[in-house]
Every structure is written in structure tokens, then in C-alpha cells.
Amino acid sequence: MRFILVPKRFFPSSCFVAIMTGTKRKSDPKEINSSQQEKRIATDKSKWHHSSTTKKIKEILENGHTMQVINKTTCTIQDLQTEMLLILQLRAMAYAQKGRYEEELHDALSMMTFAPHDTAGYLYLGRRYAYQGYQKRAMDVLNKGLEKVSEAHPEYELLLEEKDKTQKLLDDRVDFFTCLPYDIACRIIDFTPADTVTHCSRVSSSWRSLVLNYPLPWRKIDASILETIDYKKCLHSVILLPSISHHVEVFDGLPYDRGYETRFLKLLQTNNFSNLCSLKMTCVENTQMSYHTLFCSALTSISGSLKSLNIFSMNTEGIPNVSQILSICHRLTSLRLDTRWMDHMFAPFHVPYSTHLTRIELCCKDEVGGIELQKFLQSSPNLRWFSVTKCNPIGFYETIQKYCPNLNVLFLGEKHFAGYNTEKWCLDVNQKEGLQVVHATLHLIGLGFIKLLEKHVHTLLGLSLGKALSFGQIRYQESVTLNSEFWDEFSTLNFNNLTRFILYRTALNSTRHHIGNTLKNMPNLEILQLEEVRDKLSSCAFNSIKKMHKLSELKIEDCHFDPIDLHQLLEFFVQNEVTTSSLHTLLLQGRSVDGTAMEISGQIKSLTTLIIQWGSRGPRPSVERFVKSVSQLPRLEQLILNDMELTSGDLKVLNTSISLRSVRLFAVHGITKEDMEASFSSNISYLFTAP
């Protein structure tokens, strides 16, 4: 028979109790209550028995019968000793069932100390060690018992038998992991979570050698989880960095801890990270000049392989700027530097070679522009992705056109508009010439921006314009107003190849139908999002949306329009058959969305995702008709409702849907979480937040 050597923590202690006692792990509650009652009765009888025995012995001693006292007390002590051993054994088993391993071992050792010439303690502790996989410890305990216990003891033979069993286990023990072929062992590691692999490195020297010499688990180290746990106590792959440094290709994230950050930089400086290609780290406040020296030294040690660098700094005194980083890391192709408190991102810029940069993202305090920007762009002829939070519009777009002929992606300002991440648009960007994705906040654009779009209007695939949210800003505030001249020029551009368009928090400051004319020039849109557009959306805008035959995602949030125009647009999508309509995602939100619009939206058969936020609680009949229509949609998989009033009956109707897989209800009145649990089957996942 062969046994597997594994760490003791993988075995629940309750299993050992079941083996030792031959009982079930869980008993019936009635049996537990009856057994507890029997134990109380036995305890009371024992107390009465001991007190009466002591009283009789005293009477015999007073009568002068000393030999009878000696014989009687000897028998009583032996009985008490036997009972004490039984009590310690029972408590040790109880500790084992609770998983309190240390207390269990303490009681087992107490049995050996209290009765060194009895086999009970040696047998219990030896079997316990053998069950945990510690055969050598079990052999030591059993050998000690054979020395202490007399051969005349009735259970002496039992000790010998237990020793023979343990010796056989020790002789036949095989470490299966190291006996497997190398490729099979590696496949097992491939399907093992990273934290478990880290634990495996501490089982034995052979396991450690196999795990640490296999490169695949260590190519990417994700330390971002250390921000949410106590990384000083956890066992994470980061602690193995000195041993696995030559395997690491991607290192992502560091906890917000100044001491840990410094230790990591020293690790980069002193260990062999020859394959490290991508590094992402967070830098906390550190104003010492020695930190700047350490940082530059660490970058120098990994500059031979580093291609991607992402730094978020909460203080900039010790962080090198763009010029210093590029002077050290000659092979960088991607650089993201988020130092919102750095005064001079480029200055003084001096890089005496052409960089390999294809992507750069700068989150800075001051506006980027001027001669330093020109120097940087001149030294980066291969740049395809340029992102900056602040720039000087004067001359900026002319500089971009002159020095970035291969630019594909341009981000100006914050990347997110109301939670919509336009960066995912860039997944479809190809390596062709010309801008393909542009994201700009409106306070950074002007007529120079129009000229940039005119040049790349035929290559543009994604465009988002609006006022981005900054830190500390509330959601609803004054929208950005641009002059009529800008919109006159913008609405004349023909975006025939544009597939994605977002307009967010803008005011056109004109009575002319700029949005309608703009949308008319985007016939091939697939994704359209209009959010917080303060000017009224005209009928022309809705008619333009009807002509977008490839439209698959439509979001209209907090805009001002005539409800009848929205009704007619939704009716248009309802009339299209499932096979001809491409619309699969619809979001409607705001006070202009009435009960009729909600009812019609529930009849669009091509939808897979429907999101409705009703600005006011309407009549119950509208809600009932909407719920019934939604439950009959053949493709709907996700339903999100916000600020509505439902009943448990509505939930049961939704549960009849054959396609619905996810329901999320936010600030919905009239129901509780218990209603959702009782109404939805296991095929539908749900989320509920009370109003």
C-alpha cells in the first residue's frame, strides 16, 4: 500500500475523530441531547460515589484498620487514574473535532505525563501523528511508550502492532509529485491557483525545487490583491521574488506601503529580473533624494528587458520625469505616468536617440505643450497612442499632425464619460495610418480640433466628446457650451466610417438642429450614446437614428426631447423583425421617458440587454404590460431596472422568461430581497438594492 505525502492542513481534524472512535462525523440532534443528559447523570453519580467512598475510608481509618485504608485508597487511585485518562482522551477528541490541533496535542501529552506507564497516551498521540502524515514523530512516540510501559501490560502488544503499522507506512511512503514525469507534474501546476503553488513551495525541498524551476506560474505576478489583504501575514508569490525573479515577465501592482515599495525597488536592483517586460507599481509619499536615486538605479537594472512601465505616484519628489525615464529605459514601447502633482512632465527634455514608444499616457498637473512636447514627439516617430489629461490647445493639434503621422488613438482629458470606458474601443484598432479613435473633453478643443478631424475623417472609427468628471466633482453641474461656429463646422463633416459616437454633457448654444445634422452624417454607427445633452433633441435627430441600419447599442440618458419622437423611434425598432434589426442593447433614462416608452421598449424582440430608469412612478397598468412583454422577448438575457415600483407577481412573470439570465433591480419599490429569492429560479442571477 502506498500513501501520499501532503501537508497536514489539507485534512480536517474531524476525520481523525471518526476513525479513532468509529462514529459518524455528525450525529442526530436528538441523539446528542440524550447523550448529554446521560453524561450529566453519570457525572452526578460519580460525584456522589467519590464523596461516599472518601467518607467510608475516613470511618475505617478512625477505627484503626490501616491496611484496609491502604488497600482501599490504592484501588480508588487506580480508578481515578483510569477515569482521568478517559476524560483527557475524550477532550482531545473533542478538540480534534473542532479543529483545535494544539489543544488536542496538549491533552495527548498530558495523558503521557499523567500516566507514563499506561499505553493510552502513547497510542493516541502515535495514531494522531501517523494520520497527519508525520510517521517519524509517531515512531518516536511509540518507541518511548515501549520503553516506559511494562511488557506485562495487557496492551503492550497493541503498542508493538501500532509500531509495526507505522513502520510499514514509513517504509512504503511515496512522494507522488516528484515521482511523476516532469511534463505531467508541470501540467498539474498549470491548473493550480498561484497562491496554492506558493504553498506547495514550502512542503519539501523536492517540491520547492520543482515549483520554483518551472517558469509558467511566475511569468505574471499580480500583487494588486495585496491592497485588500494583510500582505504582511499572507503567503503570496511576492515573497518568492528573490527565487523566481528570472521567470517574472509581468509584475502588476504594489500595496500602498512606503517600506514595502522601497524593499521592492531594492529587489529590482539586486536580483536577476532579466525577463521583466512589464512593470506596474504605486509610489506613495517619499520626498527623500535617496529614493530618487534608488528608483533610477532599479530602472537601470531592468532597462535591458523592460518594454512597458506604468507608475502611479502620490508624490513626485522622488519620481523621475519622462525625459529621465526614457534616458534610462531605451527599449520602452509603452509608458504611463500618473503624477497629477508633477509640475514639469517633460522639462528639461533631452533624449539623444529615437525612442521605441508606441504608446504614452500622461496624467499631469500642468498643461502639456510648447517646445518640450515638440522635442518629445520628434524623438518618438513610432507613436500610435497618445493620451494626456491637460494640454494647451494653441498649436497642440498642429504639432500632433506634423510629428505623429502614424497616430491611431488620441485621448485628451479624462478617459471616462459617466462610467463609459472608451478605451475598450481601441481593441479594434489596426495598424493602418490615420486616427481611428479620438476622445476629447470639450474645453480642450476648438477649430484646430476640427482641422484634425477633417484630415482623418475617413479613418475615424470611434469619437467621444463631452465634459469629463474630475476628482471631487458632482455628477450634475453646468454643461460645456461651445460656440456656434464650432458646431457649424463639425456638423458638416461626413463620418461615413464612424461606428461609435458619444456626446456627453454639452450645450450647443444654438437653435439650429446641429445634433440631427451631425447624426445624419454618421449612417454606419453601431454604438450611440447621448447623455445630458442640454439642448432639445429634435425630430431630425431621431429620424437620423432610424436610418442607422447597423446600430446595435443605443443609450439616451437625461436628455430633453419630445416623448412622441422617442415613441416613434421605438415603434420603428418593434416593427423590424428579429432577423433584420441589429439593436441588441437599449438604455433609456430620464424624466422624458414615460410609461408609453417603457411599454414599447419591452416589445423590441431583438434586444439582449434592456436598461430602464423611469424618472417617475407611473400607473400600474403600464408596469404590468411592460413586465408581461419583457417576459416574452425571445433573446433578452439581462434586465436592469432603476427607480420603479414592482410587485412579487411581476417577479413571477419575469421568471417565466425562457431567455432571461440576469435581473438587477436598483431602488425598486414594492418588493424585498426575500421576494426575489422566492420568485426567481436558479437559472436567473439577481441583484437587489433597496430604495
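In what follows, every heavy atom counts, from backbone to side chain, and hydrogens, waters and symmetry copies are set aside. Here the structure is a predicted model, which is why all the values come from computation and not from measurement.
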Heavy atoms only: give me the nearest N275-S305 pair and the separation to one decimal. C-OG, 4.0 Å

Quick check on H153: does its NE2 atom have over 12 non-hydrogen neighbours (other residues, nucleotides or ligands) under 6.0 Å away? yes

Using a 6.0 Å cut-off, check whether atom CD of E151 has over 12 heavy atoms from anything other than its own residue. no

The side-chain contact (heavy atoms from CB on, under 4.5 Å) partner of W218 among V250, L240, L241 is L240

Ring centers of Y353, H330 separated by less than 6.0 Å: yes

Of the non-hydrogen atoms in P320 and I325, which two are nearest, and what is the gap between them? O-CD1, 3.7 Å

Is any side-chain heavy atom of Y101 closer than 4.5 Å to one of E104? yes

Heavy-atom check, side chain of H292 versus side chain of I319, under 4.5 Å: no

Any N408 side-chain heavy atom under 4.5 Å of V437 side chain: no

Distance col, row M111:CE vs L86:CG, nearest 0.5 angstrom, shows 8.5 Å

Is the backbone N or O of K266 less than 3.5 Å from a side-chain atom of T270, with the two atoms forming a donor-acceptor pair by type? yes

Could you go step by step and tell me if F114 and M84 meet the side-chain contact (heavy atoms from CB on, under 4.5 Å) rule? CA-CA 9 Å; F114 183 76; M84 184 65 177; 3.6 Å; yes

Please confirm whether the ring centroid of F251 lies under 6.0 Å from the ring centroid of F264. yes

Do side-chain atoms of R208 reach the backbone of R202 as a donor and acceptor pair under 3.5 angstrom? no

Would you say D107 and Y124 are linked by a side-chain donor-acceptor pair, where the criterion is simply a distance under 3.5 Å? no

Working for side-chain hydrogen bond (donor to acceptor under 3.5 Å, both in side chains), residues S464 and H439: CA-CA 5 Å; S464 59; H439 171 107; 2.8 Å; yes

Enter the distance from I302:CD1 to L309:CG here, rounded to the nearest 0.5 Å. 7.0 Å

Between atom CG of L210 and atom OG of S201, what is the distance when rounded to the nearest 0.5 Å? 11.0 Å

Could you tell me whether the side chains of E155 and T119 share a donor-acceptor contact shorter than 3.5 Å? yes

Is the backbone of S150 close enough, under 3.5 Å, to the side chain of H117 for a donor and an acceptor to pair up by distance? no

Indicate yes or no: does E249 engage K220 in a salt bridge with an N to O separation below 4.0 Å. no

Could you report the tightest heavy-atom contact between L105 and R128, atom names first, then the distance? CD2-CG, 4.4 Å

Among side-chain atoms of R384 and N406, is any donor-acceptor pair under 3.5 angstrom? no

Counting only heavy atoms from other residues, nucleotides and ligands, does the tally under 6.0 Å from CZ of R187 exceed 12? no

Minimum heavy-atom distance L125-A108, with the two atoms named: CD1-CB, 3.8 Å

Using the ring of each side chain (for Trp, its six-membered ring), is F376 parallel, tilted or perpendicular to F386, with breaks at 30° and 60°? tilted

No-hydrogen, no-angle side-chain donor-acceptor test under 3.5 Å, H246 and S274: no

Do L146 and Y156 make a side-chain contact, defined as non-hydrogen atoms from C-beta onward lying under 4.5 Å apart? yes

Heavy-atom side-chain proximity of E102 to H106 below 4.5 angstrom: no

Between T355 and S380, is any side-chain donor less than 3.5 angstrom from a side-chain acceptor? yes

Distance from I328 atom CD1 to C296 atom SG, nearest 0.5 Å? 4.0 Å

What is the distance from atom OG1 of T585 to atom CD of E553, rounded to the nearest 0.5 Å? 5.0 Å

Return the minimal non-hydrogen interatomic distance between R359 and L383, and the atom names on each side. N-CD1, 3.9 Å

For the atom pair CH2 (W207) and NE2 (H199), what is the distance rounded to the nearest 0.5 Å? 12.5 Å

Hey, mind stepping through L407 and W385 against side-chain contact (heavy atoms from CB on, under 4.5 Å) and telling me if it holds? CA-CA 6 Å; L407 196 66; W385 183 309; 5.6 Å; no

Does any non-hydrogen side-chain atom of M139 lie less than 4.5 Å from one of Q167? yes

With a 4.0 Å cut-off, would you call K163 and E161 a salt bridge? no

Any heavy-atom pair between the side chains of K144 and Y122 that's under 4.5 Å? yes

Heavy-atom donor-acceptor pair, Q324 side chain to N321 backbone, under 3.5 Å: yes

Chi angles and distances behind the side-chain contact (heavy atoms from CB on, under 4.5 Å) call for L326, L357: CA-CA 9 Å; L326 294 178; L357 280 177; 3.7 Å; yes

Quiz item: cation-pi between R137 and Y134, 6.0 Å / 45°: yes

Hey, what's the ring geometry for Y182 with Y214, parallel, tilted or perpendicular (30° and 60° as the breaks)? perpendicular

Any donor-acceptor N/O pair, S303 side chain to T300 backbone, under 3.5 Å: yes

So does N272 get a backbone contact from the side chain of S245, meaning a donor-acceptor N/O pair under 3.5 Å? yes

Taking C-beta and beyond as the side chain, do V322 and L362 meet within less than 4.5 Å on heavy atoms? yes

Cut-off 3.5 Å, side chains only: do E637 and T608 have a donor facing an acceptor? no

Please evaluate residues L294 and T262 with respect to the criterion side-chain contact (heavy atoms from CB on, under 4.5 Å), reporting the C-alpha separation (whole Å), side-chain torsions for both, the decisive distance (0.1 Å), and the verdict. CA-CA 8 Å; L294 176 63; T262 303; 3.8 Å; yes

Ignoring hydrogens, what is the shortest heavy-atom contact between Q269 and S297? Give both atom names and the distance. NE2-OG, 2.7 Å

